[in-house]
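Structure first, commentary second.
Order of listing sets the numbers, starting from 1, for every ligand and every atom in it.
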Amino acid sequence: MMGSDVHVVILAAGQGTRMKSQLPKVLHQIAGRSLLEHVLQTANAVAPATVTVIVGHGADQVRKSVGIRPNVGFAVQEPQLGTAHALQQAESRLAERQGTVVLLSGDVPMLSADTLRRLLDAHHDAGAAATVVTSIVDRPYGYGRIVRSRGRIARIVEERDASPAVRQIREINSGIYAFDLAPLFEALRAIASQNAQGEYYLTDLVAIYRRRKKPVETLMVANPDEIRGINSRSELAEVSRIVRQNKNEELMAAGVTLVDPATTYIDPDVEVGADTVIHPGVSLEGHTRIGNACEIQAHVRIVDSTIGAHVAVNSFSLIAGARVADGATIGPFAHLRAESVVREKAKVGNFVELKNTTLGPGSKANHHAYLGDAAIGANVNIGAGTIICNYDGTTKHQTSIEDDAFIGSDTQLIAPVTVGRGAYVGTGTTVRENVPPGALAVSAGKQRNIEGWVARKRATDKT
Ligand code: UD1
Ligand code: CA
């Protein structure tokens, strides 16, 4: 069953003491998204009628990060008295509802959509009151243990409350469950807080249901990575590594060469075409798309950008919010900022910065330049040290450089200004007025040579 009868509740009120952070735990990021965002995206897989996020520690920050979304609401847990108490806060939002509650943990970000769907199927097929997602792990430390009797789940015991014998159990509670909504909130009231942490443990619901002869089932996931919880920075790093590794594997299977996957950082939404080669230390972030047969050299960072096919991006370049067309060459040490467009076969060389600028097809800015708020046509040559002075202290102005123009080195173009088609701007020119098509612009005065000046200076210096 999916859709209208499924209600997702996400626990995200805890402080996350072990993170030692000002930031609420669920807002820490993995692969460019908060833990909570990963969980919200997985929740969408079962098309829930409602999603309730339980907030408490850093509630405003957590709310703000989620923003306004259809079907997503919040319930405040204050103070935070444990996971059962957290779920209780969803009661008023679900009062008039029926169906199934899927409980997710804001700190378990890798759960797959497939597992969530299987959880619902298993829960409904068995007609269970509760179904617990479990897994068998090598290092169960810190997790609640699944205690079985005659093969069936009897109860869940938290690490801190476990006897040495129970601690040996390697089947753990993922903190993810499906519950029949009808008996749930009444049963939660039966949970007490007599345990090592003095908290109301949701896990106690299992024993309560068993006593009341209500069917409790388990769904065991084969890959325990999916249900890893994050409680510390070290676990955050470990899970980040796994998420990254999964993405890297997916890309390699699709024909992308990663020279050193261990040092390649690619966010989940990034797309890369076949036969592209990615060198060590590269970061591809956000909604970046890269075409086929590109060469992305070491230590390049690309954020929310689109790169065509057969593009070479040389080392230490930063590209953010830009578009680069087929066959272009970028870097080394180039900086393409928001709204920059580099057209087919254009070249942006070292220490060149583009902002809100289009560099036309076949045009070149090979060394040391700042090109801001400009439309640059085809086959234009931008000399070394060219600066577009786009900002007068209050307003940004536009510059237009038409096809086939040649801008000599060390030129300043004071915007707004237009350099006409095929025009030449001499080296060292300060362009304050439009240059007509085909004209030569020079602004420096005539050169003056003073004969014997050095010798005379030396003589006076000695006296
Ligand atoms: C919990 C489970 C444990 C399971 C593990 C899986 C309990 C008692 N224990 O332990 O069996 O193996 O998850 O990762 O349920 N939270 C609230 N309000 C609270 C307390 C917690 O919203 O008052 C939220 C936290 O923000 C977190 C989640 O619930 O997102 C789990 O809480 P946490 O304290 O991390 O529980 P664990 O000790 O990991
Ligand atoms: Ca946890």
Side-chain angles (χ1 to χ4, degrees), residues 8-19 21 23-28 34-40 42-43 52-59 61-63 65 74-90 103-111 130 132-137 139-147 153 155-162 166-167 169-177 179 188 191-208 218 220-221 224-236 238-239:
V8 170
V9 176
I10 303 173
L11 303 191
Q15 188 184 356
T17 322
R18 288 164 278 180
M19 296 297 284
S21 178
L23 194 67
K25 175 165 77 174
V26 296
L27 296 189
H28 282 263
S34 72
L35 303 184
L36 181 56
E37 191 57 46
H38 283 274
V39 177
L40 283 164
T42 307
T52 304
V53 184
I54 310 295
V55 294
H57 182 81
Q61 249 177 305
V62 175
R63 265 208 201 92
S65 88
F74 301 89
V76 179
Q77 184 199 20
E78 193 57 64
Q80 290 100 46
L81 302 178
T83 46
H85 179 250
L87 174 55
Q88 277 178 312
Q89 313 312 311
L103 186 89
L104 303 178
S105 220
D107 65 349
V108 180
M110 283 199 294
L111 184 76
V132 184
V133 177
T134 75
S135 190
I136 294 186
V137 299
R139 291 180 298 155
Y141 179 81
Y143 289 98
R145 306 297 206 283
I146 306 296
V147 179
I153 182 169
R155 58 202 158 91
I156 299 173
V157 182
E158 291 306 296
E159 173 81 33
R160 296 196 226 197
D161 302 295
V166 166
R167 283 188 185 165
I169 296 172
R170 287 169 45 228
E171 187 181 7
I172 58 143
N173 170 29
S174 66
I176 290 154
Y177 320 78
F179 297 114
L188 287 177
I191 291 175
S193 61
Q194 272 105 20
N195 52 54
Q197 299 195 83
E199 286 188 356
Y200 297 91
Y201 286 169
L202 181 55
T203 45
D204 286 352
L205 195 69
V206 172
I208 291 172
T218 54
M220 201 188 281
V221 296
D225 282 344
E226 259 196 60
I227 57 158
R228 270 177 188 252
I230 292 174
N231 299 308
S232 64
R233 306 265 181 171
S234 159
E235 286 165 351
L236 187 73
E238 248 176 81
V239 171

Taking only heavy atoms of Asp107 into account, list the atoms of ligand 1 that are under 4.0 Å away from them.
27 (C), 30 (O), 35 (O)
Any chance you could lay out the side chain to side chain contact (heavy atoms under 4.5 Å, CB included) test for Leu11 and Leu104, step after step, and finish with the verdict?
CA-CA 6 Å; Leu11 303 191; Leu104 303 178; over 6 Å; no
Can you tell me which residue and heavy atom of the protein come closest to atom 29 (O) of ligand 1, and the distance to 0.1 Å?
Leu11 CB, 3.4 Å
Atom 38 (O) of ligand 1 - nearest protein heavy atom and its distance
Arg18 NH2, 3.8 Å
Can you find a non-hydrogen atom of Lys25 under 4.0 Å from ligand 1?
yes
Does Leu81 come within less than 4.0 angstrom of ligand 1, counting non-hydrogen atoms of the residue?
yes
Would a 4.0 Å cut-off, counted as strictly less than, catch a protein heavy atom around atom 11 (O) of ligand 1?
yes
Does a donor on one side chain sit under 3.5 Å from an acceptor on the other, for Glu199 and Ser193?
no
Counting each atom of ligand 1 from 1 as listed, which ones have a heavy atom of Ser174 under 4.0 Å away?
6 (C), 14 (O)
Are any of the N/O atoms on Ala13, whether in the backbone or the side chain, positioned under 3.5 angstrom from an N/O atom of ligand 1?
yes
Under 4.0 Å from atom 36 (O) of ligand 1, do we find at least one protein heavy atom?
no
Out of curiosity, Ile146 CD1 to Arg170 CZ, how far, rounded to the nearest 0.5 Å?
14.0 Å
So, for Ala13 and Gln77, which heavy atoms are closest and what is the spacing to 0.1 Å?
CB-OE1, 3.2 Å
Please indicate whether Arg155 has more than 12 foreign heavy atoms, meaning atoms of other residues, nucleotides or ligands, lying under 6.0 Å from its CZ.
no
Please could you name the atoms of ligand 1 that Ala86 approaches to less than 4.0 Å, counting only its heavy atoms?
17 (C), 18 (N), 22 (O)
Closest heavy-atom contact between Ile169 and Val147?
CD1-CG2, 4.0 Å
Backbone or side-chain N/O/S of Ser105 under 3.0 Å of the Ca ion (ligand 2)
no
Just wondering, do Val221 and Ser174 contact through their side chains at under 4.5 Å, heavy atoms?
no
Looking at Gly142, Pro24, Gly14, Ala12, the heavy atom closest to atom 17 (C) of ligand 1 belongs to Gly14
If you scan protein heavy atoms around atom 18 (N) of ligand 1, the nearest is Gln77 OE1, 2.6 Å
Does Ile172 come within less than 4.0 angstrom of ligand 1, counting non-hydrogen atoms of the residue?
no
Note the single closest protein heavy atom to atom 31 (C) of ligand 1, along with its residue, its atom name and the distance in Å.
Ser105 OG, 3.6 Å
Distance-only side-chain donor-acceptor flag, Gln80 / His57, under 3.5 Å:
no
Run the numbers for me: atoms of ligand 1, each under 4.0 Å from some heavy atom of Gly106, listed by number.
30 (O)
Looking only at protein heavy atoms, which one is nearest to atom 7 (C) of ligand 1, and how far off is it?
Thr83 OG1, 3.4 Å
I'd like to know if Arg145 pairs up with Glu171 as an ion pair, taking the criterion as any Lys NZ or Arg NE/NH1/NH2 lying under 4.0 Å from an Asp or Glu carboxylate oxygen.
no
For ligand 1, find out whether one of its N or O atoms is nearer than 3.5 Å to an N or O atom of Gly82.
yes
For a salt bridge (Lys or Arg N to Asp or Glu O under 4.0 Å) check, start with the C-alpha distance between Arg18 and Glu235, then their side-chain angles and the critical distance, and finish with the verdict.
CA-CA 10 Å; Arg18 288 164 278 180; Glu235 286 165 351; over 6 Å; no
Can you list the atoms of ligand 1 that are under 4.0 Å from a heavy atom of Gly144?
3 (C), 4 (C), 11 (O), 12 (O)
Students should be able to answer this: which protein heavy-atom is nearest to atom 4 (C) of ligand 1, and at what distance?
Asn173 O, 3.3 Å
Which protein non-hydrogen atom lies closest to atom 13 (O) of ligand 1, naming both residue and atom, and how far is it?
Gly175 CA, 4.5 Å
Determine, step by step, whether Ile54 and Val9 satisfy the side chain to side chain contact (heavy atoms under 4.5 Å, CB included) criterion, reporting the C-alpha distance in whole Å, the side-chain angles of both residues, the deciding distance to 0.1 Å, and the verdict.
CA-CA 7 Å; Ile54 310 295; Val9 176; 3.8 Å; yes
Which heavy-atom pair separates Leu35 from Asp107 by the least distance, and what is that distance?
CD1-CA, 4.4 Å
Report yes or no: do Tyr200 and Asp204 form a side-chain donor-acceptor pair below 3.5 Å?
no
Looking only at N, O or S atoms in Asp107, which is nearest to the Ca ion (ligand 2)?
OD2
Considering only non-hydrogen protein atoms, determine which one is nearest to atom 9 (N) of ligand 1 and report residue, atom name and distance to 0.1 Å.
Glu158 OE1, 3.0 Å
With a 4.0 Å cut-off, strictly under, does atom 23 (O) of ligand 1 pick up any protein heavy atom?
yes
Distance alone, cut at 3.5 Å: any donor-acceptor contact between the side chains of His28 and Ser34?
no
